[in-house]
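Encoded as structure tokens, the structure appears first; notes follow it.
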Amino acid sequence: MASAPDSGDDVFDEFLSDRGHETERVGWDHNYNKLQCPDCMALHDESADDCSVCGWEPTPA
């Protein structure tokens, strides 16, 4: 008898990825000594928590 998975996240991630959605955690891109928003490409200081241009926030770890 197979054991149940710890959570349904793996099944849900597989469902989404099978349909073309990204399931990886998304964070800031780096451009020299600045953080770059992956949505609108705006540049921010290293201390930024979210994008002040479009409101994007990195996926929590």
Side-chain angles (χ1 to χ4, degrees):
M1 180 174 187
S3 63
D6 292 334
S7 70
D9 289 343
D10 293 338
V11 174
F12 189 64
D13 285 348
E14 183 178 345
F15 174 84
L16 290 174
S17 65
D18 288 347
R19 285 151 181 81
H21 298 278
E22 291 186 31
T23 58
E24 298 296 318
R25 291 190 171 114
V26 179
W28 292 103
D29 293 332
H30 291 274
N31 189 340
Y32 295 100
N33 63 342
K34 297 282 187 179
L35 298 176
Q36 187 171 23
C37 174
D39 278 356
C40 71
M41 303 305 173
L43 294 173
H44 301 283
D45 290 331
E46 290 281 334
S47 61
D49 293 325
D50 60 359
C51 179
S52 60
V53 175
C54 70
W56 176 86
E57 295 179 348
T59 306

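Note that these values count all heavy atoms, side chains included, but never hydrogens, waters or copies made by symmetry. What you see is a predicted model, and the numbers here were worked out from it, not measured in a lab.
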Here the pair of heavy atoms bringing A42 nearest to V53 is CB-CG2, 3.6 Å
Side chain to side chain contact (heavy atoms under 4.5 Å, CB included) between L35 and E46, intermediate numbers included: CA-CA 6 Å; L35 298 176; E46 290 281 334; 3.8 Å; yes
Closest approach of N31 and Q36, non-hydrogen atoms and distance? ND2-OE1, 3.7 Å
Can you tell me if CG on D18 sees more than 12 non-hydrogen neighbours from other groups inside 6.0 Å? yes
Taking all non-hydrogen atoms of both residues, which atom of W56 and which atom of C37 are closest, and how far apart? CB-SG, 3.8 Å
Between C54 and C40, which heavy-atom pair has the shortest distance, and what is it? SG-SG, 3.7 Å
How far apart are the closest heavy atoms of A48 and W28, and which atoms are they? O-NE1, 3.8 Å
List the atom of D45, the atom of K34, and the distance in Å for their closest heavy-atom pair. OD1-NZ, 2.8 Å
